[in-house]
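Notes follow once the structure below has been shown.
Keep in mind that what you see is a predicted model, and the values were worked out from it rather than measured. First the proteins, then the strands, lettered A, B, ... as listed; each starts at 1. Heavy atoms only: backbone and side chains are in, while hydrogens, waters and symmetry mates are out.
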Number of protein chains: 2
Amino acid sequence: MSDKYDILKLKNQLCFPLYVSAKEVVRLYKPFLDELDLTYTQYITMMAMWEHKTCNVKELGEILFLDSGTLTPLLKKLEDKGLITRTRSKEDERNLIVNITQKGMTLADKAMEIPGKMEGCVKLSKEDAECLYKILHKLIDNVQ
Amino acid sequence: MSDKYDILKLKNQLCFPLYVSAKEVVRLYKPFLDELDLTYTQYITMMAMWEHKTCNVKELGEILFLDSGTLTPLLKKLEDKGLITRTRSKEDERNLIVNITQKGMTLADKAMEIPGKMEGCVKLSKEDAECLYKILHKLIDNVQ
DNA sequence: TGATATTTAATTTAACACAATTTAATTGTT
DNA sequence: AACAATTAAATTGTGTTAAATTAAATATCA
């Protein structure tokens, strides 16, 4: 029934449903994000840019919990698409300033539909969604 | 204070803390898993194998929510390490049977320490951990 | 002040994961 | 028996991430 290896079973892990949920939710976004020609990581980066308009890579990394190894190639792609610009700071050449373009801002209007569509897919009650949100933020605070 | 783009802000997304939590938790595992010379995905695969002892790739994929594109190279690495064997089924040559080896089983003893160590890192109350577990499983059921 | 070390910021590289496609084996239908 | 449809795994290409590297700025001290 129960042996000493029970604690190694997948059903007794908290990390596993967390890993699976995140992966599945990103997968659910895919068809919606394909319409904007964005990956999920590009999407959250654009969310940060829609809000902040200007940012350097370091700040963006702190907001998004991404490091520059992820952001550098990603930002180059967004620049290629014309959604942002990348320019070195005159004051400190180490800093790369990211600015949103007009085209980038325009994309927000198309993106507005997505959060509502996703809610419909995930199908959690308002209470569960709020509870999940709170616990995940606690977890993130704890591990920083 | 509030504008029509509020619904696109990161702080109003549920997906974002989910994405960050999963990533950060996997990152926390890294130092412990380095001692076993396993990646996180290899670790959950070994968990499935410690429990089931034998499995084909399809079954393993269903258990782990991974596809053959992820599993094929991963299983070859675990085979190289001597933790599993990969053999084609005699009954149906399309099926690749994965079996755990003695060396693979032995690794479970070292892995036994990890769940406890991770609990210490994540630092959620028993109530929060249980609640999180339940909601995540609901979410996974909903999106299947 | 000038030389050197340290810190900081971003890029590059290599490994891993995932989506989409391909190949191979089996089953079903006529 | 022949062909189509289905199933299982492998392969390929793209994106993400950790670790190492490069470049720039600042601090230390002779």
>> Nearest 0.5 Å, please: how far is CE in B:M105 from CG in B:L83?
In response: 11.5 Å
> Roughly how far apart are B:L96 CG and B:T72 OG1, rounded to 0.5 Å?
Replying inline: 7.5 Å
> By a strict heavy-atom criterion of less than 4.0 Å, which residues belonging to residues 137-144 of chain A are in contact with DNA chain D?
Replying inline: none
> For the atom pair CG (B:L38) and CD1 (B:I44), what is the distance rounded to the nearest 0.5 Å?
Replying inline: 11.5 Å
> Are B:K76 and B:E79 within salt-bridge range, i.e. N to O under 4.0 Å?
Replying inline: no
>> For residues 49-104 of chain A, which residue pairs pass the ring-ring contact (aromatic ring centres under 6.0 Å, His included) check, not counting sequence neighbours?
In response: none
> Quick one: B:R94 CZ to D:dA8 C1', roughly how many Å, whole number?
Replying inline: 6 Å
> Pick the nucleotide of DNA chain D nearest each of B:R86 and A:D92; which residue has the one closer to the 5' end?
Replying inline: B:R86
> If each of A:Y19 and A:E93 is mapped to the nucleotide of DNA chain C with the nearest heavy atom, which maps nearer the 5' terminus, i.e. the 5' end?
Replying inline: A:E93
>> Taking A:R86 first and then A:D80, would you say they form a salt bridge - that is, a charged N and a carboxylate O separated by under 4.0 Å?
In response: no
> Could you give the start and end, 5' to 3', of the contact zone on DNA chain C for chain B, using atoms under 4.0 Å from its heavy atoms?
Replying inline: C:dC16 to C:dT26
> Does CD in A:E119 sit with more than 12 non-hydrogen atoms of other residues, nucleotides or ligands closer than 6.0 Å?
Replying inline: no
> Looking at DNA chain D, which of residues 21-48 of chain B put a heavy atom within less than 4.0 Å of it?
Replying inline: B:K23, B:R27, B:K30
>> More than 12 heavy atoms of other residues, nucleotides or ligands under 6.0 Å from NZ of B:K134: yes or no?
In response: no
>> Can you tell me how far apart CD1 (B:I97) and CG (B:L60) are? Round to the nearest 0.5 Å.
In response: 11.0 Å
> Can you tell me how far the CE atom of A:M112 sits from the CG atom of B:L8, to the nearest 0.5 Å?
Replying inline: 5.5 Å
>> Rounded to whole Å, how long is the line connecting atom CG of B:N56 with atom P of D:dA10?
In response: 11 Å
>> Can you pull out the residues from residues 57-76 of chain A that lie within a 4.0 Å heavy-atom distance of DNA chain D?
In response: A:L66, A:D67, A:G69, A:T70
> Taking only residues two or more places apart in sequence, or in another chain, which ones meet A:Y43 in a ring-ring contact (aromatic ring centres under 6.0 Å, His included)?
Replying inline: A:Y29
> How close or far is atom P of D:dT14 from atom CG of A:D80, stated in whole angstroms?
Replying inline: 14 Å
> Salt-bridged, A:D6 to A:K9, with N to O below 4.0 Å?
Replying inline: yes
> For the atom pair CG (B:D128) and SG (A:C131), what is the distance rounded to the nearest 0.5 Å?
Replying inline: 7.0 Å
> Does a nitrogen or oxygen in the side chain of B:N95 sit under 4.0 Å from OP1 or OP2 of D:dA9?
Replying inline: yes
